[in-house]
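In what follows, a single structure is set out as structure tokens and then discussed.
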Amino acid sequence: MNNSRTLGLAVAQMGPVNLADSKETVVARLIEMMRDAKSRGAEVVVFPELALTTFFPRYWMEDQQEIDRFFEKAMPNPQVQPLFDEAKKLGVGFYLGYAELTPNGRRFNTSILVEKNGDIVGKYRKIHLPGHSDHKTGVPFQHLEKKYFEVGDLGFRVFNLHDTQFGMCLCNDRRWPETYRVMSLQSAEIVVLGYNTPSINIHWNEPVHLRTSTHLISLQANAYQNALWVAAAAKCGSEDGFHMIGSSVIVAPTGEIVARALTEEDEVIAVKADLQIGENFRKHVFNFAKHRRPEHYRLIVERVGAGEPLE
Ligand code: CDV
């Protein structure tokens, strides 16, 4: 008997989106990559965080109208509908990150998971918001996610898409082990995410190469420790002179990178993901039900920051 279960999984990395680029041109780029992904066997395509706009948290803005143009008041909406239509036509599901403005005026850094028939089957609102909310001086750019977004209120949930259990997160979430563990405890098989990671760290003089190596190590370690596939899509290159890392990847539950983008432009990478690969880890070394000892993990939910040693 053939027990193999596979899923055509693609990551559609985006090159820069500049301030002057219209949403229509951005959506046309996404559609082009969706077609490319489909031609390479993809059933699900992962797009980046805040895929429809430039990474606007780098800019200090006070004028509400100026801020609002980066937010989507409905999803889909007339500008994004062509992407939903194309997904339906091609029979491809997708993950998309965008800035969400709710009907009651709340703002989130959001991602959705969309079925091949165009229905939204899952929504995630970013929980780990990096950066600051004040206007910093003496830095080359801002990182104002704490000003423009609220902390997500939907938790880390898992959704069924194409008979596969999908977890979602966004950018900085990928660096936190709790993100993946909460989803693997719900039997997630794939975690999908988008990111915008500036090459320069405005908080300390971090060597540039570490921006890529800490990105990769976070994905690889957490894929292995949770026996998951991880698919991560960058928005990268130089957006109006502000450079962000590329290195979009698909990581197997072994922790190995099985596909990696080579450019800092629009680029699709695709694999046939064997969903059984994680099974040996789930049965043996990471058999959660057998080996986890939550009675000794209490501090993880009791403490936020590090404190005194236990008595
Ligand atoms: N968009 C992000 O969340 N970026 C962060 C940066 C600020 C470090 C990241 O973790 O990549």
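Each ligand, and each atom within it, is numbered from 1 in the order the structure gives.
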Would you please name every residue forming a salt bridge (charged side-chain N to carboxylate O under 4.0 Å, His left out) with D153, sequence neighbours left out? R106, R125
Using the side-chain hydrogen bond (donor to acceptor under 3.5 Å, both in side chains) rule, collect all pairs that involve residues 282-291, keeping only residues at least two apart or in two chains. E279-R282
Any Lys/Arg nitrogen of K116 or E43 sitting under 4.0 Å from an Asp/Glu carboxylate oxygen of the other? no
Under a side-chain separation threshold of 4.5 Å, the hydrophobic residues clustered together with L310 are L299
Polar contact flag, side-chain donor to acceptor under 3.5 angstrom, H128-D173: yes
Consider only side-chain N and O atoms of E239 and T54, and report whether a donor and an acceptor are under 3.5 Å apart. yes
Residue by residue, ordered by chain and number, which ones reach under 4.0 Å of ligand 1 with a heavy atom? E49, F55, K126, P130, H143, E145, C171, N172, R174, R175, N196, T197, R211
